[in-house]
> 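The structure is given below, and queries will be raised subsequently.
Residues: numbered from 1 along the sequence shown.
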Amino acid sequence: MTATSAEQGSAPVTEDALRSVLLAGERPSRPGPVRTSLTFGWRALLKIKHVPEQLVDVTMFPIMFTLMFTYLFGGALAGSTQEYLQFLLPGILVQANVMITMNTGITLNTDIQKGVFDRFRSLPVWRPSPLVGALLGDVVRYSIGSAIVITLGLVLGFRPEGGAVGVVLSVVLLLVFSFCLSWLWTMLSLILRTPNSVAGVSMMVMFPLTFVSNIFVDPKTMPGWMQAVVEVNPITHLATVVRGLMDGSVPAGEIGWVLVSSVLLVAVFGPITMVLYRNKK
């Protein structure tokens, strides 16, 4: 009886009253491209926190290659391990970073297979932000890999003539190139159907690029036809720039070549990636 009386005494909820309640607060502004990209970048870092195995390639891979090539081939190639280390370490720094970029495509393809990116595409955010954010998160991984290689090199006896400034500049340029190269693997992640296929194709591309270069040996010791291939390899120019900066010289022409290559990578693979991402079913 009491409940019935209370219901009869209550005023009916009108549409205007409901609308006034819903619109009482100020509507938040739509997040911009930078904010959404950084948010997705933070998501990538949280994935590393919860799945630390993702750092295996960042940590163990550069350590293994540095130790193997220095002590297995240093004496034969340069006469002493210490002399070879001065030549090898900048190259290993380049190889470790560009090889790590492959993980970008594998991770994105895994998210696509799980349906995560279908949810991202339905959000009212800047369309490329999930992709850009993932690439920004991977820049942190590249930085960790670079720090490990340089620290190990200093422990083994590597002494850069360019000092801390040369090392920092070379790492910054390397991070820029690695970020731009990652767009290639992002494109492949949207074309290929499984993470294993992305990993396989990426290895087929990266192994020739990194080994047919000046990372491990001077191209002058190679046959003429291979020298021609090495000279047009962008990894060769990147390794030359990193060596030059660490040795205290500033190869301006080579730096310009690397920057142009970086811009071309984004200009070519960025738009293709976005078209594939927009039409992905």
Side-chain angles (χ1 to χ4, degrees), residues 57-58 61-70 72-74 77-78 81-102 139 142-143 145-154 156 158-163 165-182 184-185 202-203 205-223 226-265:
D57 60 340
V58 177
F61 179 82
I63 292 174
M64 179 179 64
F65 264 78
T66 302
L67 294 176
M68 280 199 318
F69 277 88
T70 299
L72 286 178
F73 305 115
L77 295 176
T81 56
Q82 285 300 310
E83 184 177 348
Y84 185 57
L85 181 64
Q86 307 305 314
F87 175 87
L88 174 69
L89 193 107
I92 286 291
L93 182 63
V94 170
Q95 188 202 38
N97 276 272
V98 297
M99 293 290 281
I100 291 170
T101 61
M102 296 187 302
V139 170
Y142 309 151
S143 302
S146 299
I148 289 175
V149 172
I150 294 171
T151 301
L152 177 61
L154 293 175
L156 297 178
F158 175 71
R159 297 296 180 264
E161 297 280 337
V165 175
V167 172
V168 171
L169 290 177
S170 63
V171 170
V172 169
L173 188 63
L174 183 55
L175 294 181
V176 171
F177 182 86
S178 299
F179 174 85
C180 297
L181 179 63
S182 297
L184 170 59
W185 317 128
S202 301
M203 292 294 286
V205 174
M206 287 311 305
F207 260 86
L209 280 176
T210 53
F211 281 90
V212 186
S213 68
N214 64 346
I215 286 180
F216 300 105
V217 296
D218 191 332
K220 295 179 181 178
T221 62
M222 302 177 186
M226 184 170 286
Q227 290 185 32
V229 174
V230 170
E231 289 300 322
V232 298
N233 186 347
I235 303 300
T236 296
H237 296 276
L238 181 61
T240 300
V241 170
V242 172
R243 281 199 183 98
L245 291 174
M246 288 190 173
D247 287 341
S249 61
V250 183
E254 294 290 340
I255 292 176
W257 207 101
V258 171
L259 292 177
V260 170
S261 300
S262 302
V263 172
L264 288 176
L265 285 169

> How close do M222 and Q227 get, heavy atom to heavy atom, and via which atoms?
O-NE2, 2.8 Å
> Give me the atom names and distance for the closest heavy-atom approach of A239 to V94.
CA-CG2, 3.8 Å
> Around E161, counting heavy atoms of other residues, nucleotides and ligands shown, do more than 12 lie under 6.0 Å from its CD?
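Counting other residues, nucleotides and ligands, CD of E161 stays at 12 neighbours or fewer.
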> Return the CD1 to CZ distance between I92 and F158, rounded to the nearest 0.5 Å.
12.0 Å
> Taking side chain as C-beta onward, heavy atoms only, is V212 less than 4.5 Å from I235?
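Side-chain contact under 4.5 Å: no.
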> First locate atom OG1 of T81, then atom CZ of F73, and finally report the distance between them rounded to the nearest 0.5 Å.
14.0 Å
> Please assess L77 against L88 for the test side-chain contact (heavy atoms from CB on, under 4.5 Å), listing each intermediate value before the final yes or no.
CA-CA 11 Å; L77 295 176; L88 174 69; over 6 Å; no
> Look at the rings of F61 and F65 and say which category their plane angle falls in: under 30° parallel, 30 to 60° tilted, over 60° perpendicular.
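The arrangement is tilted - the two ring planes meet at 30° to 60°.
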> Please evaluate residues L238 and E254 with respect to the criterion side-chain contact (heavy atoms from CB on, under 4.5 Å), reporting the C-alpha separation (whole Å), side-chain torsions for both, the decisive distance (0.1 Å), and the verdict.
CA-CA 8 Å; L238 181 61; E254 294 290 340; over 6 Å; no
> If you take all heavy atoms of V149 and A96, which pair is closest and at what distance?
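Looking at all heavy atoms of both residues, the closest pair is CG2-CB, 4.2 Å.
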> Knowing that exactly one of I215, L209, V217 qualifies, which makes a side chain to side chain contact (heavy atoms under 4.5 Å, CB included) with S213?
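Of the listed options, the one satisfying the test is I215.
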> Roughly how far, to the nearest 0.5 Å, is CD of Q82 from CZ of F87?
16.0 Å
> Short question: side chain of N233, backbone of V229 - any donor-acceptor pair under 3.5 Å?
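Checked: no pair found.
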> So how far is it from S143 OG to N97 CG, rounded to the nearest 0.5 Å?
8.0 Å
> If I compare all heavy atoms of T210 with all of F216, which pair ends up nearest, and what's the gap?
O-CE1, 4.1 Å
> Atom CE of M99 and atom OH of Y142: how far apart are they, to the nearest 0.5 Å?
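The OH atom of Y142 is 12.5 Å from CE of M99, to the nearest 0.5 Å.
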> Kindly say whether E231 contributes a backbone atom to a donor-acceptor pair with the side chain of H237 at under 3.5 angstrom?
yes
> Search all heavy atoms of V241 against all heavy atoms of L173 and return the closest pair with its distance.
CG1-CD2, 3.1 Å
> Rounded to the nearest 0.5 Å, what separation is found between the CG atom of L175 and the OG atom of S170?
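The OG atom of S170 is 9.5 Å from CG of L175, to the nearest 0.5 Å.
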> Side-chain contact, heavy-atom cut-off 4.5 Å: L264 with C180?
no
> Looking only at heavy atoms, which two atoms of P219 and V230 are closest? And how far apart?
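Where P219 meets V230 most closely, the heavy atoms are CG-CG1, 3.8 Å.
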